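Residue numbers begin at 1 in each chain, while the letters A, B, ... track the order of the sequences. Remember, predicted model here, so these are calculated numbers, not experimental data.
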Number of protein chains: 2
Amino acid sequence: MRQSREEKAKTHERIVRVASQRIREQGLDQPAVAEIMRAAGLTHGGFYKHFGSRDDLIAEATESALAASDRHVHELTDDAADPLAAFVDWYLSAQHRDEPAAGCAVAALGDDVRRGDERLRSAYRRQVERYLENVERFLGGGEDARQCAILALSALVGAVVLARAVDDEALADEISHAVGEGIGELR
Amino acid sequence: MRQSREEKAKTHERIVRVASQRIREQGLDQPAVAEIMRAAGLTHGGFYKHFGSRDDLIAEATESALAASDRHVHELTDDAADPLAAFVDWYLSAQHRDEPAAGCAVAALGDDVRRGDERLRSAYRRQVERYLENVERFLGGGEDARQCAILALSALVGAVVLARAVDDEALADEISHAVGEGIGELR
DNA sequence: ATTATCTATAGATCTATAGATAATGC
DNA sequence: ATTATCTATAGATCTATAGATAATGC
């Protein structure tokens, strides 16, 4: 059953990708090693030839999930006529709200990262800073652009956290809509 | 070692109070029954005379934590000259940021409640609605007061989630300050 | 007699490791 | 010969239960 080194590297990446989705959906503590390996098409025994510990995988998967957010922002906005609108519309969309596994790790993992170690919190901060740089640029870089960017990002993250947690889709829609309107009026 | 019924009711409340602090600090999954009981000054064996299951305690503790937020808002604002400022200043304070165990459960448990059952998500929604009613009232109840209240609450929750998760106190302070300024300009 | 709490433990689950298997690459 | 993955399991931890203990309240 042994595979080549190239195959092993692909396997490693597949485990990380599966884990980065699972942690956004279930949190950092919930997905078991065996479950992640099964989802990656493997048994749990080989896990420790890829990672020193479960914590190592979780850290790598968290970093991967956060980096994916940054790539996604650039894909959405690099060629957009209105990059701020493109970013905000995605962030507040029902699809993003309903698919945390494929969405922003800053919104999906905030509470978990707070309780995590330095590596997790540092990666989280770096993605927050990248978001702020992007939103500041979208806003045109005026005098209070950074303050506006912080307000906008906080409102976006809060809106997604609230919209996902409440058990009322009409309220979730109302929150997303109101925050979208509010951010539109910031510039 | 047996105690009276009145004592038992007090014990029950003490377990719930301890649990409501632990879950805000550590999340819904982390604190073990034995750990909560130890923190309440008991052994784990008696737990199931108080609660049908661990999930029952977590649900009761979540409801208790959310209700505590509502009481706290009223204590802060009922006699305040500027209720909105009193609420926002508390919410964005370094003390609130640094003591999640005693703070707002909407910010501390958003990601966890999303993954939780109907009872948790319903209690969460009710507290979100109570927050919105209060903030709407603080804003004077104008035409777009509800939309402003949603924007303000989202920004507050997002700011606390971000400020707690990043590993840079200067950035955390900057986030809190910027969101406070931004909300001040809403009215 | 009842019952609130305690000690002890069964059963389940999870991380991590040991040793076997089989394909790679010298 | 090396090593990527597999099967099997040790050791730790957690929920939930069983039975013992001792204070309450009829």
Side-chain angles (χ1 to χ4, degrees), chain A residues 1-63 109 112 115-117 119-120, chain B residues 1-63 109 112 115-117 119-120:
Chain A
M1 306 263 183
R2 187 193 166 201
Q3 314 219 352
S4 72
R5 286 180 186 176
E6 195 179 357
E7 287 296 321
K8 189 193 179 186
K10 283 187 186 173
T11 298
H12 186 100
E13 279 179 42
R14 196 168 69 247
I15 298 169
V16 171
R17 191 174 61 248
V18 166
S20 88
Q21 295 167 350
R22 295 282 164 136
I23 59 175
R24 277 177 278 181
E25 192 166 331
Q26 304 178 27
L28 298 182
D29 294 334
Q30 202 63 7
V33 167
E35 180 192 330
I36 292 166
M37 292 295 274
R38 199 180 316 120
L42 299 162
T43 59
H44 64 282
F47 178 80
Y48 293 88
K49 294 290 163 87
H50 285 283
F51 303 93
S53 68
R54 183 182 183 281
D55 281 350
D56 279 358
L57 167 64
I58 297 302
E60 202 171 318
T62 301
E63 288 166 350
L109 295 174
D112 276 348
R115 304 169 207 131
D117 63 18
R119 183 173 171 190
L120 296 178
Chain B
M1 303 257 183
R2 187 191 166 204
Q3 313 218 353
S4 73
R5 287 178 186 176
E6 195 178 0
E7 288 295 321
K8 189 195 179 187
K10 283 186 185 173
T11 299
H12 186 100
E13 280 179 40
R14 196 167 70 247
I15 298 169
V16 172
R17 191 173 61 248
V18 166
S20 88
Q21 295 167 349
R22 294 282 162 135
I23 58 175
R24 277 177 279 181
E25 191 165 332
Q26 304 178 27
L28 298 182
D29 295 334
Q30 201 64 6
V33 167
E35 180 192 330
I36 292 166
M37 292 295 274
R38 201 180 314 119
L42 299 162
T43 59
H44 65 282
F47 178 79
Y48 293 88
K49 294 289 164 88
H50 285 285
F51 303 94
S53 67
R54 182 181 183 282
D55 281 351
D56 279 359
L57 167 63
I58 297 302
E60 202 170 319
T62 302
E63 288 167 350
L109 296 174
D112 277 346
R115 303 170 207 128
D117 63 17
R119 183 173 172 190
L120 296 178

Do any side-chain nitrogens or oxygens of B:Tyr48 fall under 4.0 Å of OP1 or OP2 in D:dT17?
no

Do the side chains of A:Lys8 and A:His50 get nearer than 4.5 Å, heavy atoms only?
yes

For the pair A:Arg54 (side chain) and A:Asp29 (backbone), establish whether a donor and an acceptor sit closer than 3.5 Å, ignoring hydrogens and angles.
yes

Assuming nearest nucleotide by heavy-atom distance, tell me which of B:Glu6 and B:Asp29 is located more 5' along DNA chain D.
B:Asp29

Mapping A:Lys49 and A:Ala34 onto DNA chain C by nearest heavy atom, which one lands closer to the 5' end?
A:Ala34

Distance, rounded to the nearest Å, where A:Phe47 contributes CZ and D:dA4 contributes P:
15 Å

Return the nucleotide paired to D:dG19: Watson-Crick means purine N1 to pyrimidine N3 with N6-O4 or O6-N4, wobble means G-U with N1-O2 and O6-N3, both under 3.5 Å.
C:dC6

Quick one: does B:Asp117's side chain have a donor or acceptor within less than 3.5 Å of a partner on B:Leu120's backbone?
yes

Rounded to whole Å, how long is the line connecting atom NE2 of B:His12 with atom P of C:dT5?
11 Å

Interatomic distance where CD1 belongs to B:Ile15 and P belongs to D:dT15 [whole Å]:
14 Å

Tell me the interatomic distance from B:Met37, atom CE, to C:dA4, atom P, rounded to whole angstroms.
13 Å

Report the nucleotide, chosen from C:dT24, C:dA8, C:dT5, that has the shortest atom-to-atom distance to any side-chain atom of B:His44.
C:dA8

Which of these nucleotides, D:dA8, C:dT24, D:dT15, is closest to any side-chain atom of B:Val33?
D:dT15

If only side-chain N and O atoms of B:His50 are considered, is one of them under 4.0 Å from the OP1 or OP2 phosphate oxygen of C:dT5?
yes

Is the closest side-chain heavy-atom distance between B:Val33 and B:Phe51 below 4.5 Å?
no

Using modelled atom types and a 3.5 Å cut-off, is there a donor and acceptor pairing between side-chain atoms of B:Asp56 and backbone atoms of B:Ala59?
no

In whole angstrom, give the distance that lies between atom CD1 of A:Ile58 and atom C1' of C:dT15.
12 Å

In whole angstrom, give the distance that lies between atom CZ of B:Phe51 and atom P of D:dT17.
15 Å

Walking DNA chain D from its 5' end, the first of B:Asp55 and B:Arg5 to be reached, judged by nearest nucleotide, is B:Asp55

Students often get this wrong, so: under 4.0 angstrom with heavy atoms, is A:Ser4 touching a base, only sugar-phosphate, or nothing?
sugar-phosphate

For B:Gln30 and C:dC14, what is the distance between atoms CD and C1' respectively, to the nearest whole Å?
13 Å

Can a side chain N or O of B:Thr11 be found less than 4.0 Å away from OP1 or OP2 on C:dT5?
yes

Expressed in angstrom and rounded to an integer, what is the separation of B:Lys8 atom NZ from C:dT5 atom C1'?
10 Å

When you get a sec, tell me which of D:dT5, D:dT15, C:dC6 is the closest nucleotide to the side chain of B:Leu42?
C:dC6

Identify which nucleotide among C:dT7, D:dC14, D:dA4 has an atom closest to any side-chain atom of B:Ala32, counting heavy atoms from C-beta outward.
D:dC14

